[in-house]
Number of protein chains: 2
Amino acid sequence: MSNNTQFSIAVHIMTGLGYKDGADMTSSSLARSVNTCPSFVRRVLSKLSKAGLVHTTTGKAGACTLAKKASEISLFDIYEAVDAPKAFSIHGYDVQKPCPVSCNIKAALERVLEKTQLSVEESLKSITLEEVVSDVKSV
Amino acid sequence: MSNNTQFSIAVHIMTGLGYKDGADMTSSSLARSVNTCPSFVRRVLSKLSKAGLVHTTTGKAGACTLAKKASEISLFDIYEAVDAPKAFSIHGYDVQKPCPVSCNIKAALERVLEKTQLSVEESLKSITLEEVVSDVKSV
DNA sequence: TTATTCTGTTACTAATATAGTAACAATATG
DNA sequence: CATATTGTTACTATATTAGTAACAGAATAA
């Protein structure tokens with residue numbers, strides 16, 4: 001498996017919750033859909049819950065539902081909630097003092113990659129969970 | 001160090017080559033700037049060379065230079081050359097047959113994330129190596 | 001020709017990040 | 001009180017990435 005999959009797992013979970021709108025889902029049933037263990041799903045659910053995207057209840061009849069309408073949740077909300085990594089990150093090598101490139105490259109990269117990161121975020125903001133749910137239902 | 005740094009290392013190397021326009025640089029001098037070993041730099045240089053972005057010569061006086069003007073190289077060219085990972089990748093869990101979400105989520109994610117990937121690529125295409133070099137020089 | 005010094009490549013090790021699992025306290029239900 | 005859930009922690013396994021060393025092939029210069 002490659003990198004950054006936590007985001008796609010979170011979208012999978014949210015789509016599962018949105019698919020049966022309002023129906024209670026447990027970490028076990030979601031884990032069956034994703035094909036992983038309930039514990040792993042709960043770790044993701046916990047983040048989504050803290051971000052106010054899902055509502056969870058503990059106890060015997062504990063379950064999860066979407067905290068908002070799928071049309072009011074963007075993929076950017078999910079992206080932020082799970083704290084997924086940036087599109088690009090800058091290398092962490094120490095600066096080599098006498099070299100002007102070494103001294104300035106990180107700041108230059110930051111300025112430039114900020115644009116790219118913003119374009120990613122704009123793109124994610126423009127896609128709602130509802131779109132993904134409908135797409136899954138339409139097949 | 002986090003993920004995706006290979007791209008930033010490649011940009012660092014290319015900026016080093018562009019900084020002293022036309023001057024010969026070796027993998028050793030570039031490695032000193034980045035702060036890593038020459039072997040690692042050569043691996044990246046090799047990819048950049050195959051992509052036609054740098055020109056290398058072997059032998060005793062071997063060295064590297066940019067193969068084009070910095071103004072004719074975009075960060076997207078570098079991104080492609082080093083085969084950096086996509087902005088988002090989709091999880092690789094097996095499909096759980098009876099679950100419609102599990103069966104369709106990957107295709108839905110692909111359709112949706114293609115938009116995001118394109119916006120990243122457009123953004124990288126709009127930034128030239130020359131801009132990064134000037135930024136480094138201007139400090 | 002011979003020694004030198006580069007690149008290009010391979011093979012390997014170390015470090016890091018991520019996924020996967022198990023366990024259990026806290027909680028709510030019936 | 002027995003049960004079934006979340007939330008969290010601690011830990012292990014796996015995959016990815018960085019780092020290093022070694023060496024063949026190539027070009028230069030003595």
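Just so we're on the same page: letters track the sequence lines, and every chain starts at 1. Not measured: the values here are computed from a predicted model. Any value given below was found using the heavy atoms of this structure, including those in side chains, with hydrogens, waters and symmetry copies removed.
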Exercise for review: For dA26(C), take OP1 and OP2 only and decide whether either is under 4.0 Å from a side-chain N or O of Lys60(A).
Suggested key: no
Review point. Given atom CG of Leu48(A) and atom C1' of dG7(D), what is their separation to the nearest angstrom?
Key: 14 Å
Practice item. Could you check how far CE of Met25(A) sits from P of dT6(D), rounded to whole Å? Key: 11 Å
Review point. Roughly, in whole Å, what's the span from CZ in Phe7(B) to P in dT17(D)?
Key: 15 Å
Check your understanding: To the nearest angstrom, how far is Leu30(B) atom CG from dG8(C) atom P?
Key -> 12 Å
Check your understanding: What about Ser39(A), does its side chain sit under 3.5 Å from the base of dA22(C) through a donor-acceptor pair?
Key -> yes
Check your understanding: Within less than 4.0 Å of OP1 or OP2 of dT8(D), is there a side-chain N or O belonging to Ser46(A)?
Key -> yes
Study note, to complete from the structure: Whole-Å distance, Arg42(A) CZ to dT9(D) P, equals 14 Å
Check your understanding: Salt-bridged, Lys47(B) to Asp83(B), with N to O below 4.0 Å?
Key -> no
Review point. Does Ser8(A) use its side chain to pair, donor to acceptor, with the backbone of Ile90(B) at less than 3.5 Å?
Key: no
Practice item. Please state whether the phosphate of dT5(D), meaning OP1 or OP2, lies under 4.0 angstrom from any side-chain nitrogen or oxygen of Thr56(A). Key: no
Exercise for review: Nearest whole angstrom, please: distance from the P of dT7(C) to the CZ of Arg43(B).
Suggested key: 15 Å
Practice item. Answer yes or no: is there a donor N or O on one side and an acceptor on the other, between the side chain of Asn35(A) and the main chain of Asp94(B), under 3.5 Å? Key: yes
Review point. Would you say a side-chain N or O of Ser27(B) is under 4.0 Å from OP1 or OP2 of dT7(C)?
Key: yes
Review point. Quick one: on DNA chain D, does Lys50(A) or Ala61(A) contact a more 5' nucleotide (nearest heavy atom)?
Key: Ala61(A)
Review point. Is the backbone N or O of Ser119(A) less than 3.5 Å from a side-chain atom of Ser123(B), with the two atoms forming a donor-acceptor pair by type?
Key: no
**Study point:** Interatomic distance, Asp24(B) CG vs dT5(C) C1' [rounded to whole Å]
**Key:** 14 Å
